[in-house]
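A quick write-up on the structure given underneath.
The analysis underlying the following values was restricted to heavy atoms, covering all of them including side chains, and did not include hydrogens, waters or symmetry mates.
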There are 2 protein chains.
Amino acid sequence: MAIATSLQCGDALVIVDVQNDFLDPGPVPVPQGADILPVLADYAARFERHGLPVYAVRDWHPARHASFLPRGGSWPEHCVRFTAGADCPSELELPPCTVTISIGEGTDELRVSAFANPHFEASLRTRGVRRLFVGGLAVDDGICETVRDARSRGFEVFFLRDALRVREREAGDGDRAEAEMIRLGAVPLTALDLSQRAPSSGALLTDLFEIGMLQAYFAAGMTDTAVFEFAVRRMPAGRNVLIACGLEPVLQFLEELHFTDWELDWLERTRRFAPGFLASLRGLRFTGDVDALPEGTPCFPHEPLLRVTAPIAQAQLVETRVTNLLHYCTLIASKAVRCVAAAEGRMLVDVGLRRAHGAEAAVLASRACYLAGFTATSDALAAQQFGLPSWGTMSRSFVEAHASEEAAFLAFVRAEPQRAVLLLNTHDARAAAHTVVRLAPAWSAAGVVLGGVRLDGGDLGPTSREVRAILDAGGLSSLRIFASDHLDEVVIGRLIRQGAPIDGFGLGTLLVTSADVPFLDCDYRLQRYAGRGCTPPAEGQGAWPGVKQVYRLRDSSGRMDCDVVARADESHEGEALLVPAMREGRRIGCGETLLALRQRVATELDRLPPRLRQVGDAEPYPVYLSERLHADCLEAGVFAGVGSGLTASPAPLRGETAGS
Amino acid sequence: MAIATSLQCGDALVIVDVQNDFLDPGPVPVPQGADILPVLADYAARFERHGLPVYAVRDWHPARHASFLPRGGSWPEHCVRFTAGADCPSELELPPCTVTISIGEGTDELRVSAFANPHFEASLRTRGVRRLFVGGLAVDDGICETVRDARSRGFEVFFLRDALRVREREAGDGDRAEAEMIRLGAVPLTALDLSQRAPSSGALLTDLFEIGMLQAYFAAGMTDTAVFEFAVRRMPAGRNVLIACGLEPVLQFLEELHFTDWELDWLERTRRFAPGFLASLRGLRFTGDVDALPEGTPCFPHEPLLRVTAPIAQAQLVETRVTNLLHYCTLIASKAVRCVAAAEGRMLVDVGLRRAHGAEAAVLASRACYLAGFTATSDALAAQQFGLPSWGTMSRSFVEAHASEEAAFLAFVRAEPQRAVLLLNTHDARAAAHTVVRLAPAWSAAGVVLGGVRLDGGDLGPTSREVRAILDAGGLSSLRIFASDHLDEVVIGRLIRQGAPIDGFGLGTLLVTSADVPFLDCDYRLQRYAGRGCTPPAEGQGAWPGVKQVYRLRDSSGRMDCDVVARADESHEGEALLVPAMREGRRIGCGETLLALRQRVATELDRLPPRLRQVGDAEPYPVYLSERLHADCLEAGVFAGVGSGLTASPAPLRGETAGS
């Protein structure tokens, strides 16, 4: 297991004997000593940035020090105090706060450990230091001694492998010193181990065992083509249709997939992988094919959303991230279309960033919601990344930070004269509505165009009606009312049925966590390797075997009648839903803007059997098997586990609902 | 709204008239024309990388072209075909696949649009191009004409503002041409708009309206100190205790918070923000104080987990991300401790990456689970970032890719001789167990040390007993059995009560989505601004007002008796749980390793009243208010909404459960 650590309070950097006399052309140079100067400067800057102490330990000898040759010592004269040779080289760029610890100040003081100077330990204790990060010159001189003393005093010690050099007066001195330090419990480290934020290529966004399997494929020389399919296994209760989503981020991931040097370095240090195998990862790119349902396509369990055809190592490696992306994006798009249906054309904004599961979820959710028909997002990063319209209001804390609600409204309107949406129910929504009515004429005269008012929580039905009445009576009938706080498609539907005069809804937590259905039962399954089909598992998971295609059958008006899942190598009537998205690692045939995807969702949802568009559970959409796939299933014994009474072909097998 | 777009199929780069004669010291130089060469080279490399076409449009004149002065034209002789002046400068670094389109080849051909050459449109159509990205020299010459023709033919057009120059034969020509292009529907763009993957500083990980409020604070000159507290409002059904988690990522976020140039640039292009305000963001850093419960501390609703004290703009800006991090980390740590309790010491591995909500959720979940007591993670990136132990086995697809299960076992054991965990139930677990027994002696003789076997799904209770019996009978009683597939604390508890001989569990989906409780009702609330307390909302949210501290009272053995939430400015008996984590933007007093945090969780859970450690719902832990805070609550009318019958002080107010 490699050590990765981040700098924290209680850490200190200890730079040992980085002085001119120890560098070429000084009297006692350490080989390649100057190489570590920029590395140490980086470490020092890092500690400085974190407000952590930096110590520079130096030899600071009197002119006739006992270690010098003239006095019978073993060293030429060096690091005599107040000489240029005793100075730190300027390339070290020590931060101003560096504490200098002088060693060997007494004429006969021969100890080389930094702890020989009692001020060192005193300073460490005062400053609460618990972990020392030690670098400098040389491992086989002062450093090993310093580490020994530090360990014996209970400090944790990391020695900075990339910021150390060895003197090697005798061959092997360096190795012996390093082994001794490790024996003492000191831990070797490089700057990479501190690089928690090294830019990830995405290649480590995988289960480590995927890389383990790659190693086994490599060792066995297995390089043939594999075909994997991603599909949802079951329709969860509370959903009637799924919306395929996530292809674009998957393609981006595949296009950019590669291992960076530091990632390979880290893999090496896990000691799980052989060098030859790791070398094979160095040039790895995704060179395979992808076929997929276009984003925004309504789909159903058992229908592959995406097919990867690639050398098995590549296809296996990407399993985790492809699943991660398709699962979440499809989950949220499938939730969001329900909200769009419930809102019956009213404005919808996703405001879920704060309670989404991490930042990436929020950004992916904003995209999925927009695709599903949402109007805008509150999320700045998503707006930036995908060019989404953004929307937002003011928060309760903004009102509270002002002396009065009126003062807050004035300040906000002044700052956003063309779009301000005022939060009404920090204290009392009715009173706030009256305030808005009272102030509106002056604002209007000053050129202000209000964006609307917002009700955050409370009893939204009655409150919105009261506020609407107050605004209308005050001549503000064009002002829109937005509502937020723990909304979902069920609450929105109820409010609308109650006739609540709400023009737009902000949806957060329940939407971006898909709280009623927080996951889909889905997988990325090997269907074929080296031309040979894979038998689906025996234990009742009901997966349909083989490489497949989905055909959608429509009536003359375009309305969806049913889908047929067929073998990919047969042809069937209907529209083939899986289309090429990537060939040999390069995109093709995608090129759709988010607006186009959003249009597809709207169009295709219109073509669903109407019962499937409702929020309540409906009779499932019929998904059949083709005759040949049906035969393959029977041969593989798939339906033994499912217990479905299939008969003729195309044999109806309904999208099962969860719990069935 | 700024345009952000990503390159996609159907895009093409069109480089217009970037030729030596148009660059200084050519005969008809465009001012600063050479500046755009590296910019265009970057664009070209990007299109090349995406496999998208690049067109270079060039003047390619005969020697006596009608535009030349000698023939009565208005230009000096330039770009005569086959001369160096007509060449593209080498700094442009055109990719090999660039298609060259020559214009003005006929002696009297004066049109300057790229569409003057019919091969251009024919090539665009053949290659399915729909969007043109146009740059080069000069806007007020060929480019505007090309854009006009492109628009009239239905192409979408982006003009690359950072890769264009204007000739300005007459002052204002450039502006006029640009206005004309915009009128035609062409969209201005810079490389930044294509930089979806520009390294984010995290500053845009916020709701855009937070920045709107900052602008209002800025305009109003509001710079005083604000105090916000993050707390969970209600204990969800299915939880008895929460585990504070997420402080370390929050501190990292705060330490690194700043706006990069491209982020400010993007904000500017939203047209929501005034230049003076954006300038004030340029140097923004978090310089405030943070007090927090140490990570791993058991906690309860109404108890602030974290307090931010900072100038209001900073404290407001960080609301979204601080909430995002604390919410999810606490959610998962609180779920994970239940799994640890249920597992009664057995090994637990989080394997949730593939179905976590995005990548960040997975990485944060791995950390939270380890902190809660998990043994290891499957997630490579989390293992790298936090130095977590990693663990993994083989997948069903690995077995299926081999000709037989036995071949797969052999290949895997060969690749991982010291740790291989073999998946038994790809086909039939009992048969696979017999295979392992049969092969084990030879492996053992070859020095192989198996890590164990895994059962993925199926009926884990009976299957594990059968497999255990087979392994024991085969002399493999030391081989451990791991189980996975849709496990959570309830299933684990049931398996253990049934006596299933399972030594370790892999938990995925249900854990990392916290599927039974996918969110916590929590908020980050302003408690004080400029020394003035903020009144909590009237509408029944029951938030306790003011800046608070939590005191934990224990019996003589350390067992937790109760907590008292008090005003921060009073002292109270018991252990103060909120401790300083950051002062003036710098960390203090944290310095805890993940191991130490993990130890805290273990120790403190041991000190909980035993009923709270069980998986089933328990009588809530008592959280009282101090006398003074109680008085503040009454004054603020807090309990009117809650309906709690509070009496004397310390007044018991139990952590409510969701639904109450």
Side-chain angles (χ1 to χ4, degrees), chain A residues 1 3-4 8-10 51 196 204-209 213 215-216 219-220 266 312 320 323-324 327-328 353-355 357-361 364 378 380-381 384-385 387 389-390 392-393 397-398 400-401 411-412 415-416 427 458 509 513 515 518-519 526 529 534 538-539 586-588 590-591, chain B residues 1 3-4 8-10 51 196 204-209 212-213 215-216 219-220 266 312 320 323-324 327-328 353-355 357-361 364 378 380-381 384-385 387 389-390 392-393 397-398 400-401 411-412 415 427 458 509 513 515 518-519 526 529 534 538-539 586-588 590-591:
Chain A
M1 191 65 238
I3 297 294
Q8 51 194 31
C9 189
Q196 294 203 16
L204 291 187
L205 271 177
T206 187
D207 294 305
L208 196 60
F209 73 82
M213 290 190 283
Q215 173 160 258
W266 180 77
I312 192 163
T320 307
T323 304
N324 174 271
H327 168 260
Y328 182 65
L353 172 54
R354 58 194 62 195
R355 294 192 206 150
H357 291 182
E360 187 178 68
L364 291 174
S378 73
L381 192 59
Q384 184 273 323
Q385 287 201 353
S390 63
T393 71
S397 57
F398 184 85
E400 290 169 341
F412 198 66
E416 303 218 348
H427 305 298
T509 314
T513 64
F519 63 89
L526 180 65
Y529 175 66
C534 301
E539 296 185 358
R586 292 210 153 178
R587 291 175 191 239
I588 52 166
C590 45
Chain B
M1 191 64 235
I3 296 295
Q8 51 194 31
C9 189
Q196 295 202 18
L204 291 187
L205 271 177
T206 187
D207 293 305
L208 196 62
F209 73 83
M213 291 191 282
Q215 173 160 259
W266 180 78
I312 192 163
T320 308
T323 303
N324 174 270
H327 168 262
Y328 183 64
L353 172 53
R354 59 193 63 195
R355 291 191 210 154
H357 291 182
E360 188 179 66
L364 291 173
S378 73
L381 192 59
Q384 184 274 324
Q385 287 201 352
S390 62
T393 70
S397 57
F398 184 85
E400 289 169 339
F412 199 65
H427 304 298
T509 313
T513 64
F519 63 89
L526 181 66
Y529 175 66
C534 300
E539 297 185 359
R586 291 208 154 180
R587 291 173 190 243
I588 53 168
C590 46

* Structure fact -> Counting heavy-atom pairs under 4.5 angstrom with chain A, the leader among B/A411, B/A220, B/A401, B/G212 is B/A401

* **Which atom of A/N324 lies closest to which atom of B/G358, heavy atoms considered** => ND2-O, 3.3 Å

* Checking B/Y328 against chain A: side chain, backbone, both or neither under 4.5 Å from a heavy atom? -> side chain

* **Heavy-atom proximity to chain B below 4.5 Å, by part of A/E416** => side chain

* Interchain contact, A/T393 with chain B, by part (heavy-atom threshold 4.5 Å) -> backbone

* chain A contacts, top residue of B/A380, B/G392, B/A515 (heavy-atom pairs, under 4.5 Å) -> B/A380

* Asked: If you look at every heavy atom in B/T513 and B/H357, which pair is closest and at what distance?
  -> CG2-NE2, 3.8 Å

* Search all heavy atoms of A/A359 against all heavy atoms of B/L205 and return the closest pair with its distance. => CB-CD2, 3.5 Å

* Asked: What residues form a side-chain contact (heavy atoms from CB on, under 4.5 Å) with B/T320, not counting sequence neighbours?
  -> A/L353, A/R354, B/T206, B/D207, B/E210

* Counterpart residues, side-chain contact (heavy atoms from CB on, under 4.5 Å), relative to B/A216 (two or more places apart) -> A/F398, A/F412, A/A415

